[in-house]
Amino acid sequence: MMTAAGLNKYRSIANRSLQNVMAYRNSYIINLLANSINLVAIFFLWQGIYGGREAVGGYSWDQMKTYLLVTFLANSVLSWYSETAISGKILDGSVAMDLLKPIDFQTARFAETLGASLLEGAMSTVLLIVFATFLTGVTFPHSPIVYLLFAVSLLCAVLVKFGVVYLAALLCFWSTGSLGIVWTRIALTNLLSGALVPLAFFPDWLEKLALLLPFQAIIHTPTMIFLQQADTLESLRLIGIQLFWGAALWMAGKAMWNWAVRQVTIHGG
């Protein structure tokens, strides 16, 4: 069990990560504006796809507008912290310094993620409210229970996405670069999580496959809960699946890290 002193160390890492984001706020603001422009572009794309239709793939246009906003929020929560934060340490050799520190590498990186996500989540929520103010027909839940379940699901989504990102970044122990790994991870995550299109739009076989993989826990589950396409019991079941994948990916990351560190030690790296 982690002691109070141990918790303070990771809290300090989270605070430092938040301060780093604020210190490089111009870069953060530009990234946020780019994501906002991307949201506007996707909105008009879907508006053209609907073209006066009442529903596409079981989603009404009002539901799709809400889906796009929730997807924007869920994606923004963990967009700043990517593979490059970890892979950079591995590729430039500075990970060796982390091996000497009395902290768990994986937990420290997760603390950094949470620190950055605090600001990203807050700013993205403000932008979401602004967008929703100017859009008509956006549907918001009336039950506080739905908002509570959505918040819990969003936190679980952060854990799952971190697990995917962390595993992908650790592959740099066996590669000479990170660009291909990052692009592959982003492509798989965006496609199979429902970030590009809802999973209901997929062919039946692909939808079933996506629902068996951890990626769907990042976007599909939070949006299902927010759009009230799942009742309370079903929402709790979906959150349970998120927690399962979060724990499974965490254990996989720990095992992969231990294997990588043994390889580095054996080869004298």
| message | With side-chain contact (heavy atoms from CB on, under 4.5 Å) as the criterion, how do I181 and C172 come out once you've worked through the C-alpha distance, each side chain's angles and the decisive distance to 0.1 Å? | response | CA-CA 8 Å; I181 294 173; C172 288; 4.0 Å; yes
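- Minimum interatomic distance between S87 and S178 (heavy atoms only, all atoms of both residues): OG-CB, 3.6 Å.
- Closest heavy-atom contact between V160 and G246: CG2-N, 3.8 Å.
- Clustering ILVMFWY residues whenever any of their side-chain heavy atoms sit less than 4.5 angstrom apart, transitively, puts Y59 in the very cluster that holds F44.
- Between Y67 and Q229, every side-chain heavy-atom pair lies at or beyond the 4.5 Å cut-off.
- Looking only at side-chain heavy atoms (C-beta outward), F72 and N38 stay at 4.5 Å or farther from each other.
- Aromatic pair F201/W46: ring centres closer than 6.0 Å.
- In terms of hydrophobic clustering, with Ile, Leu, Val, Met, Phe, Trp and Tyr side chains grouped at heavy-atom distances under 4.5 Å, L213 and I239 are assigned to a common cluster.
- Between Y50 and W61, the two ring planes are tilted [angle within 30° to 60°].
- A donor-acceptor contact closer than 3.5 angstrom is absent between the side chains of Q216 and S193.
- Side-chain contact between I42 and L196 is absent, with no heavy-atom pair separated by less than 4.5 Å.
- Using a distance-only test at 3.5 Å, with no hydrogens or angles considered, no donor-acceptor pair links the side chain of T107 to the main chain of I103.
- The closest side-chain heavy-atom distance from P214 to Q242 is not below 4.5 Å.
- Contact between G253 and L170 at its shortest, heavy atoms only, is O-CD1, 3.8 Å.
- Side-chain atoms of N258 come within 3.5 Å of backbone N or O of K254 as a donor-acceptor pair.
- Atom-to-atom distance recorded for T184:OG1 and L171:CG is 9.5 Å, nearest 0.5 angstrom.
- The heavy-atom pair separating A217 from P222 by the smallest distance is O-CD, 3.8 Å.
- Here the side chain of Y10 pairs no donor or acceptor atom with the backbone of F110 at under 3.5 angstrom.
- If you take CG on L249 and CE on M256, they are separated by 12.0 Å, rounding to the nearest 0.5 Å.
- In this structure, the side chain of S153 does not engage the main chain of L149 through any donor-acceptor pair within 3.5 Å.
- Here the side chains of F140 and T66 are not in contact, with every heavy-atom distance at 4.5 Å or above.
- Here the CG atom belonging to N190 is positioned 6.0 Å from the CG atom belonging to N75, to the nearest 0.5 angstrom.
- With rounding to the nearest 0.5 angstrom, the CG atom of L192 is 12.0 Å from the CD1 atom of I219.
- The closest donor-acceptor contact from the side chain of Q63 to the backbone of S60 lies under 3.5 Å.
- In the hydrophobic cluster analysis, where Ile, Leu, Val, Met, Phe, Trp and Tyr join through side-chain heavy atoms closer than 4.5 angstrom, L227 is grouped apart from L233.
- Note: the hydrophobic cluster containing L155 does not contain I225 (ILVMFWY, side chain heavy atoms under 4.5 Å, direct or indirect links).
- For the residue pair A168 and R185, the shortest heavy atom distance occurs at CB-CG, 3.6 Å.
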| message | Working note: V165 + T113, criterion side-chain contact (heavy atoms from CB on, under 4.5 Å); need CA distance, chi angles, decisive distance, verdict. | response | CA-CA 11 Å; V165 167; T113 300; over 6 Å; no
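- Expressed to the nearest 0.5 Å, how far NZ of K65 lies from CG of D62 amounts to 4.5 Å.
- Taking hydrophobic clusters as Ile, Leu, Val, Met, Phe, Trp and Tyr residues chained together by side-chain heavy-atom distances below 4.5 Å, F150 does not share a cluster with I129.
- Checked against the 6.0 Å centroid criterion, the rings of W245 and W250 do not qualify as a close aromatic pair.
- Using a distance-only test at 3.5 Å, with no hydrogens or angles considered, a donor-acceptor pair links the side chain of T223 to the main chain of H220.
- L209 CG to L199 CG: the interatomic distance, rounded to the nearest 0.5 Å, is 10.5 Å.
- Of all heavy-atom pairs spanning Q228 and P141, the tightest one is NE2-CA, 3.4 Å.
- Annotation: side chain of L69 is in contact with side chain of L39 (closest heavy-atom distance under 4.5 Å).
- Looking only at side-chain heavy atoms (C-beta outward), S235 and T232 stay at 4.5 Å or farther from each other.
- By the 6.0 Å contact criterion, CD1 on I145 is open, its count of non-hydrogen atoms from other residues, nucleotides or ligands being 12 or less.
- Aromatic ring orientation, W174 versus W259: tilted (interplanar angle from 30° to 60°).
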